[in-house]
Asker: 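The structure follows.
The figures that follow rest on heavy atoms only: side chains count, while hydrogens, waters and symmetry mates do not. Order of the sequence lines fixes the chain letters, A, B, ..., with proteins taken first and strands second; residue numbering starts at 1 for each chain.
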2 protein chains.
Amino acid sequence: MLQRPTIKDVARRANVSLSTVSLVLNNKGKVSPKTREKVERVIRELGYYPTSSARGLALRKSGNIGFILSYDHFTQTEPFYTKIFLGAEFEAQNHNYYILLTTVRKEYNPSNSIPRFLQERNVDGVLIAGQVNTKLIEYIDSLSIPVVMIDFTLKNHKHSTVLMNNYQGAQLAVEHLLKLQHRKIGYIGGDLAHPSINERFQGYRYALQQAGIIPDEAWISVSQEDTKIHNGYNAVKDMLHSTKSMPTALIVANDAMAIGCLQFLQESNIRVPDEIALIGFDNVEKSYSVQPSLTTIDVNKYAMGEIAVRTLVECIPKECHQVTHIRIPVSLVVRESTEKSVVSIGA
Amino acid sequence: MLQRPTIKDVARRANVSLSTVSLVLNNKGKVSPKTREKVERVIRELGYYPTSSARGLALRKSGNIGFILSYDHFTQTEPFYTKIFLGAEFEAQNHNYYILLTTVRKEYNPSNSIPRFLQERNVDGVLIAGQVNTKLIEYIDSLSIPVVMIDFTLKNHKHSTVLMNNYQGAQLAVEHLLKLQHRKIGYIGGDLAHPSINERFQGYRYALQQAGIIPDEAWISVSQEDTKIHNGYNAVKDMLHSTKSMPTALIVANDAMAIGCLQFLQESNIRVPDEIALIGFDNVEKSYSVQPSLTTIDVNKYAMGEIAVRTLVECIPKECHQVTHIRIPVSLVVRESTEKSVVSIGA
DNA sequence: GCTAGTTGTCGAAGCGCTTCGATAGAATGG
DNA sequence: CCATTCTATCGAAGCGCTTCGACAACTAGC
């Protein structure tokens, strides 16, 4: 690294002491407008930037935020977590934090699963995005470093979270379908152990109930173990084979499953949306390239990352272990799978 | 952050001086096996880890590597750069470096396009993945920080690079087709200004020439301005409308274009691979989910990231400005678009 | 037995910053 | 006009680490 101006150089050139420069730098203590102005000018002239190691050493802070992501989540095609990360990165810059990103494997193994930035305590706070091993979370707790979890939560709710508002999403979906005169509204989901999936299902039930509609239980499928494409495929298949009265609309726990449903319906020559309307969840990239394009629930991923960082950095100076739970509002993206007249956006 | 043991604590407990502990820590100087052993034991007992700010301050090194990515590249669906990043992250850990990831926009704007880690000189080296603005690269050069570029290069070749071996890829494609008895082998590409695309084209020409085959120029299309799906679509369309004699096989500059080709061929009821065989480049996720699945050229993205880090960290201590150009070997992934009998792997 | 070298250890200075307590000087009040 | 308070500034210590030069304690050579 090149020789750069230090705070000393600034002090000398501005004819003030080191401490004064430091005070200006940090907007602390009393500094006369005149000296402040002078110091700031010199800083600009010299192109001075404080060295983060030095500052970190003095403050006993690292200036870093750790971002932990499950390996599988990060490498998946859908850039869901990538966007969350970008939102976080952006906001971290605003707060003068660097983000140290690391991925962890599902299987926990103390020797290689503990991110180095934790061992070295080189972060002032930690963001956890998506599902990671509980052991790891316990380890982090033991360090008493502030944590915010994104798109994931534990049953104990001991940690601050930033989650998408799945209830609202289900509500929007139901309302949309009601407005289109649907009354026979089914639900297809899986893996109720997953908090988000579970909430979507609860939201669906609740919204229908609010509307005074009692769905035929045959239109509700939540026994699939996972939420992949084939689970959706199999779920509709089973549902339609086991009941004569078809629903006119289906709310599906996520887009992947919805796309699976779509596949089966098309193979069965059931027209979407004419015979069955379909709403997914997540607004994945593929949801607008399928035919017909998929109506779905969207959430601002960048916002999730941003808000998580904001929550975290508020927490850091106070060393607070106060927990905050934030729900990010979602929105309905109307496409062809519910409204025939809609012009395709993608494809 | 919790109160952690410092080097002082270790020294006290091991009955040696600070300097001795430091020497042990860094494997420097002469330390008797006995003291070394003793110090190491105490380090383990205390769970001591050196604080990176302190070390950074003393060494005038940050222990960080900057990773610069164009915003568009990172957010795209295909996790190409994500994988490169992960490979880099992994290798960085092995060298005790942290990676600071940042994305930059295409449009250069000094006030917000210069990553903070550069302004603050908080990195010991920089990785640049994919195409970024030349202005930014010039800025980095002006800091004289070691740089390695991944999957991108400038015409001046002043920087170390880690690139995929596009020539070899084209060669493999041609050889594969020759083995399948194809002799009428065409090429579809676009944007020859892009180094990789250009090399693929050169590789194609060269390999055919080596085989003593002179392709009909009507089977070569390189006038498309970009390499997106529709460019591929339009390119075959134009080609097949303008010539009577069809090629029996096409090598396409990347999978996106190849998929565009596939679309047009299917719409025109031209059977793939029976009438025209197709080979893409990049092995994108979609290439195995299309029907028929696409034969393509694959490169180990993780390896690219890993090797880039290795190249960079070798460079850092020497402050060397020596440039190394590394080509990552590619491999052929045979799927249905060239061999009818192949069983589909994906889908 | 003395010099010359070698080896292992240590003390102190220094990296660039923050911050506490001290201190001049200005402003205020009686 | 002096005592008191307030304001702006500064010096020095300290954050946790590395490293250079010093120095005892050995070893080897003659």
Side-chain angles (χ1 to χ4, degrees), chain A residues 1-40 42-43 46-64 96 119-124 316-317, chain B residues 1-40 42-43 46-64 96 119-124 316-317:
Chain A
M1 279 193 288
L2 214 56
Q3 200 54 27
R4 313 197 290 124
T6 74
I7 199 172
K8 223 175 186 169
D9 300 317
V10 176
R12 190 166 22 223
R13 181 136 167 192
N15 262 312
V16 295
S17 73
L18 290 196
S19 356
T20 305
V21 178
S22 175
L23 292 178
V24 170
L25 239 36
N26 299 289
N27 276 310
K28 271 189 182 167
K30 305 275 171 190
V31 180
S32 77
K34 216 175 51 196
T35 18
R36 149 157 289 122
E37 154 64 30
K38 185 173 52 177
V39 170
E40 281 171 347
V42 174
I43 287 179
L46 258 43
Y48 167 78
Y49 274 95
T51 303
S52 43
S53 332
R55 176 174 261 177
L57 182 55
L59 292 177
R60 257 147 305 172
K61 290 219 168 292
S62 67
N64 299 327
N96 281 327
Q119 308 201 123
E120 300 186 350
R121 285 308 186 291
N122 194 21
V123 291
D124 303 333
I316 290 173
Chain B
M1 277 192 289
L2 214 55
Q3 199 54 27
R4 312 196 291 124
T6 73
I7 198 172
K8 223 173 183 170
D9 301 315
V10 175
R12 191 167 21 226
R13 182 136 168 192
N15 263 312
V16 295
S17 73
L18 291 196
S19 355
T20 306
V21 178
S22 175
L23 293 178
V24 171
L25 239 36
N26 298 289
N27 276 311
K28 272 189 183 167
K30 303 276 172 193
V31 179
S32 76
K34 214 174 55 200
T35 16
R36 149 158 289 123
E37 154 65 28
K38 186 173 53 178
V39 170
E40 281 171 346
V42 174
I43 288 179
L46 258 43
Y48 168 77
Y49 274 96
T51 304
S52 42
S53 329
R55 177 172 261 177
L57 182 55
L59 291 176
R60 257 147 307 173
K61 289 220 167 296
S62 65
N64 299 327
N96 282 326
Q119 308 201 122
E120 301 186 351
R121 285 310 185 291
N122 194 21
V123 290
D124 303 332
I316 291 173

Asker: Output yes when a side-chain donor or acceptor of A:R4 lies under 3.5 Å from a complementary backbone atom of B:E120, and no otherwise.
Answerer: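 Checked: pair present.
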Asker: If you compare all heavy atoms of A:D9 against all heavy atoms of A:P5, which two are closest, and at what distance to 0.1 Å?
Answerer: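 Closest approach of A:D9 to A:P5, heavy atoms only: OD2-CA, 3.1 Å.
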Asker: Do A:R55 and A:N26 have side-chain heavy atoms sitting under 4.5 Å apart?
Answerer: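 A side-chain contact under 4.5 Å exists here.
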Asker: Which is the 5'-most and which the 3'-most nucleotide of DNA chain D that has an atom under 4.0 Å from a heavy atom of chain B?
Answerer: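 On DNA chain D, the outermost contacted nucleotides are D:dG16 to D:dT19.
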Asker: Short of 4.0 Å, heavy atom to strand atom, which residues of residues 6-24 of chain A count as contacting DNA chain D?
Answerer: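 Residues of residues 6-24 of chain A under 4.0 Å from DNA chain D: A:N15, A:V16, A:S17, A:S19, A:T20.
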Asker: Using a distance-only test with no angle check, is there a side-chain donor-acceptor pair under 3.5 angstrom linking B:S53 and B:T51?
Answerer: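 Short answer, no.
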Asker: With heavy-atom distances below 4.5 Å as the criterion, would you say the side chains of A:Y48 and A:L25 are in contact?
Answerer: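 Of all side-chain heavy-atom pairs linking A:L25 with A:Y48, at least one is under 4.5 Å.
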Asker: I'd like to know if the side chain of A:S22 pairs up with that of A:S19 as donor and acceptor (distance under 3.5 Å, no hydrogens or angles considered).
Answerer: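 No pair is found: no donor N or O on one side chain lies under 3.5 Å from an acceptor on the other.
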Asker: Which residue, A:R55 or B:L59, contacts DNA chain C at a nucleotide closer to its 5' end, judged by nearest heavy atom?
Answerer: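 On the 5' side of the pair lies B:L59.
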Asker: Is A:D124 reaching over with its side chain to a backbone N or O of A:G63, donor-acceptor style, under 3.5 angstrom?
Answerer: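 Yes, A:D124 side chain to A:G63 backbone: donor-acceptor pair under 3.5 Å.
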Asker: With a 4.5 Å limit on heavy-atom distance, are the side chains of B:I7 and B:P50 in contact?
Answerer: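 Counting from C-beta outward, B:I7 and B:P50 never come under 4.5 Å.
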Asker: Looking at every strand, decide which applies to B:S53 at a 4.0 Å heavy-atom threshold: base, sugar-phosphate, or nothing.
Answerer: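 Nothing, no nucleic acid heavy atom in range.
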Asker: Please work out if A:L57 contacts a base, only the sugar-phosphate, or nothing of the nucleic acid, heavy-atom cut-off 4.0 Å.
Answerer: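 Base, at least one base heavy atom under 4.0 Å.
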